[in-house]
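The figures here come from the full heavy-atom set of this structure, side chains too, leaving out hydrogens, waters and symmetry mates. This structure is a prediction, so every number in the text was calculated from the model and none was measured.
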Amino acid sequence: MKNTESGAALVPTNAASSGVEIDKKRLKQLMKRSDREGLIWLSGWLGMLGASGYLLHLSMHPGWPTVGFVAMLFIYGGILTTSGYALSHECGHGTAFRTRWINEVLFWISSFI
């Protein structure tokens, strides 16, 4: 198939049954692995985890209402599990980082979560 705008060949994606196709050049750009981008994402996740964990700790103070503790528990748990699963999944495929050993180490650590 050809893209009518650029004339470039389109390739079917994993979602071909829904009619999703993407230009080969764009697909190559999207699939480029980088340790830098992965480490930026990892540091952001760890920062959010630390900040929400600290707020969760503060919410355990007797002066906080129970609803505040429960809300912080859901926020912390959501950040931990959703991003932890995504990290484990992508490292398992070897696509989160360019360097293989970083993928391996973080796969095992995040899989314990």
Side-chain angles (χ1 to χ4, degrees):
M1 289 183 196
K2 293 265 186 199
N3 183 345
T4 55
E5 295 171 13
S6 66
L10 296 176
V11 294
T13 64
N14 208 14
S17 62
S18 62
V20 176
E21 294 179 335
I22 191 167
D23 181 66
K24 282 186 179 183
K25 288 181 183 178
R26 180 68 179 139
L27 182 62
K28 191 170 183 175
Q29 289 173 342
L30 292 171
M31 292 179 63
K32 185 178 177 185
R33 293 182 299 162
S34 165
D35 286 343
R36 182 178 180 272
E37 296 297 321
L39 291 172
I40 289 171
W41 181 90
L42 181 64
S43 63
W45 177 56
L46 292 174
M48 289 190 312
L49 201 56
S52 62
Y54 180 68
L55 291 173
L56 176 62
H57 172 74
L58 291 178
S59 72
M60 292 189 302
H61 187 272
W64 274 56
T66 304
V67 71
F69 171 72
V70 172
M72 281 311 306
L73 193 60
F74 274 102
I75 291 169
Y76 178 77
I79 292 170
L80 177 68
T81 57
T82 304
S83 299
Y85 172 76
L87 179 64
S88 176
H89 180 88
E90 293 305 322
C91 285
H93 287 295
T95 56
F97 300 91
R98 184 179 182 97
T99 306
R100 183 181 173 103
W101 72 265
I102 297 174
N103 278 313
E104 290 285 327
V105 167
L106 290 175
F107 170 73
W108 287 105
I109 291 171
S110 61
S111 292
F112 285 117
I113 295 173

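With values rounded to the nearest 0.5 angstrom, Ser52 atom OG is found 13.5 Å from His57 atom NE2. To the nearest 0.5 angstrom, Thr95 atom OG1 is 7.0 Å from His89 atom NE2. Here the straight-line distance linking atom OG of Ser88 with atom CG of Leu106 works out to 10.0 Å at 0.5 Å rounding. A distance of 9.5 Å separates CD1 of Ile113 from OG of Ser83, quoted to the nearest 0.5 Å. Once rounded to the nearest 0.5 Å, the distance linking CG of Leu46 with CG of Leu39 reads 10.0 Å. Put simply, CG on Leu73 and CG on Leu55 are 13.0 Å apart, with the number rounded to the nearest 0.5 Å.
Both Leu87 and Trp101 are members of a single hydrophobic cluster when ILVMFWY side chains are connected at heavy-atom separations under 4.5 Å. By the criterion of side-chain heavy atoms lying less than 4.5 angstrom apart, applied directly or through intervening Ile, Leu, Val, Met, Phe, Trp or Tyr residues, Ile109 is not grouped with Tyr85; the two fall into different hydrophobic clusters. Taken together through direct or relayed side-chain contacts under 4.5 Å among Ile, Leu, Val, Met, Phe, Trp and Tyr, Leu42 and Val105 form part of one hydrophobic cluster.
By the 4.5 Å heavy-atom criterion applied to side chains, Arg26 and Gln29 are counted as neighbours. Side-chain contact between Leu49 and Tyr76 is present, with heavy atoms from C-beta onward closer than 4.5 Å.
Although no hydrogens or angles enter the test, the distance criterion places no donor-acceptor pair under 3.5 Å between the side chain of Ser111 and the main chain of Trp108. The closest donor-acceptor contact from the side chain of Ser34 to the backbone of Glu37 lies under 3.5 Å. A donor-acceptor pair is defined here as one N or O able to donate and one able to accept, closer than 3.5 Å; no such pair exists between the side chain of Thr82 and the backbone of Ile79.
Contact between Ala96 and Cys91 at its shortest, heavy atoms only, is CB-SG, 3.8 Å. Taking every heavy atom of both residues into account, Arg33 and Phe97 meet most closely at NH1-O, 3.8 Å.
The aromatic rings of Trp41 and Trp45 sit parallel, their planes meeting at an angle under 30°, below the 60° perpendicular limit.
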